[in-house]
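Single-structure report; data block below.
Quick note: numbers below take in every heavy atom, side chains included, and nothing from hydrogens, waters or symmetry partners. In what follows, residues are counted from 1 in the order of the sequence shown. First listed ligand is number 1; within each ligand, the first listed atom is number 1.
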Amino acid sequence: AAGSSPKIIIAGAPASGKGTQCSMIKERYGVVHLSTGDMLRAAVKNQTPVGLEAKGYMDEGKLVPDEVIIGIVKDRLNEDDCKTQGWLLDGFPRTRAQADALAAEGIQANSFLLLNVPDEMLIRRVVGRRLDPDTGDIYHVDFNPPPAEIVDRLIQRADDTAEKAQVRLVQYHSNIAAIRECYEDITCSLDGSVGKEEVFLGITSELDSTLAAAAAIRGGG
Ligand code: AP5
């Protein structure tokens with residue numbers, strides 16, 4: 001039923017592993033994965049009005065304006081697949097205004113997953129990241145090496161340089177405290193510096209217990 005579907009927010013610095021964990025979460029829980037970064041990159045590629053506006057900010061590593069992204073996310077969350085399958089928000093909210101906009105719509109998550117990774121490790125992850133444009137799979141030249149037969153088609157994001165990553169990190173650190181305040185009661189803070197399977201174990205143990213508790217409340221105990 002619509003009311004019982006999982007509603008998950010995942011947050012963390014750039015390259016903390018959100019996208020990597022989201023593909024595993026999506027597979028296990030069947031939720032709709034909504035990455036605002038992926039949505040914006042698709043808009044840029046297709047040269048939509050939103051994409052044309054967002055491109056300059058993204059290339060610089062800056063956040064796109066709240067008014068550009070909030071409407072898109074609200075509309076997407078109201079679509080049928082999100083209502084029936086549940087959703088996993090990745091990269092949103094990224095500012096307090098975005099968190100307040102969700103609350104104003106009455107949109108509430110079951111869990112707020114926060115991946116913690118030291119800054120110097122994030123820079124290494126950013127510069128070594130490679131993406132498969134055909135499948136969307138995420139690799140790292142050292143930490144998650146791609147199979148030899150697909151290496152030639154892999155791409156690097158325009159904002160995946162040490163310099164742009166620094167800008168993205170500053171934005172993250174200046175916004176995260178104000179966002180966390182909105183989700184204190186549902187926050188699960190995880191060590192994101194360990195291997196991806198170990199991070200995922202922490203996530204499943206949190207989600208399994210939170211979702212079971214939510215189901216028990218709905219079932220009357
Ligand atoms: P977005 O696409 O959301 O980028 P981001 O937050 O910077 O996050 P990343 O995609 O860089 O990293 P990730 O955490 O998904 O890490 P990943 O799993 O790939 O946003 C891009 C831009 O869009 C923003 O800068 C902004 O301009 C705009 N934007 C988006 N949302 C917005 C919003 N709400 N408001 C305003 N503007 C917005 O992993 C990284 C690397 O590490 C990979 O190579 C991976 O293989 C490796 N790795 C992952 N996990 C591990 C592990 N456990 N151990 C070792 N290596 C690992």
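Which parts of ligand 1 touch Thr20 is read off a 4.0 Å heavy-atom cut-off, strictly below it: atoms 17 (P), 18 (O), 39 (O), 45 (C), 49 (C). Close approach to Gln98 involves these atoms of ligand 1, each under 4.0 Å from a residue heavy atom: 33 (C), 34 (N), 35 (N), 36 (C). Near His140, the atoms of ligand 1 lying under 4.0 angstrom from a non-hydrogen atom of the residue are 44 (O), 46 (O).
Residue Arg130 does not touch ligand 1, judged by heavy-atom distances below 4.0 Å. The proximity of Leu40 to ligand 1, defined as any non-hydrogen pair under 4.0 Å, is limited to the side chain.
A salt bridge between Lys83 and Asp80 is absent, with no side-chain N of the basic residue lying under 4.0 Å from a carboxylate O of the acidic one. Using a 4.0 Å cut-off between charged nitrogen and carboxylate oxygen, Asp160 and Arg125 do not count as a salt-bridge pair.
Using a 4.5 Å heavy-atom cutoff, the side chains of Thr20 and His140 are not in contact. Contact of the Leu89 side chain with the Lys7 side chain is not registered, since no non-hydrogen atoms from C-beta on lie closer than 4.5 Å.
Within the set Lys55, Lys18, Arg157, the minimum heavy-atom distance to atom 4 (O) of ligand 1 is found for Arg157.
Note: no N/O pair closer than 3.5 Å links Asp38 and ligand 1 by distance alone. The N/O atoms of Gly19, backbone and side chain alike, include one that comes under 3.5 Å of an N/O atom in ligand 1.
For atom 53 (N) of ligand 1, the closest non-hydrogen atom of the protein is Val194 O, 2.8 Å. For atom 19 (O) of ligand 1, the nearest non-hydrogen atom of the protein is Arg129 NH1, 2.6 Å. The closest protein non-hydrogen atom to atom 43 (C) of ligand 1 is Ile138 CG2, 3.6 Å.
When all heavy atoms are compared, the tightest approach of Ala54 to Leu40 is CB-CD2, 4.0 Å.
Linking ILVMFWY residues whenever their side-chain heavy atoms come closer than 4.5 Å, directly or via other members, leaves Met58 and Leu63 in distinct clusters.
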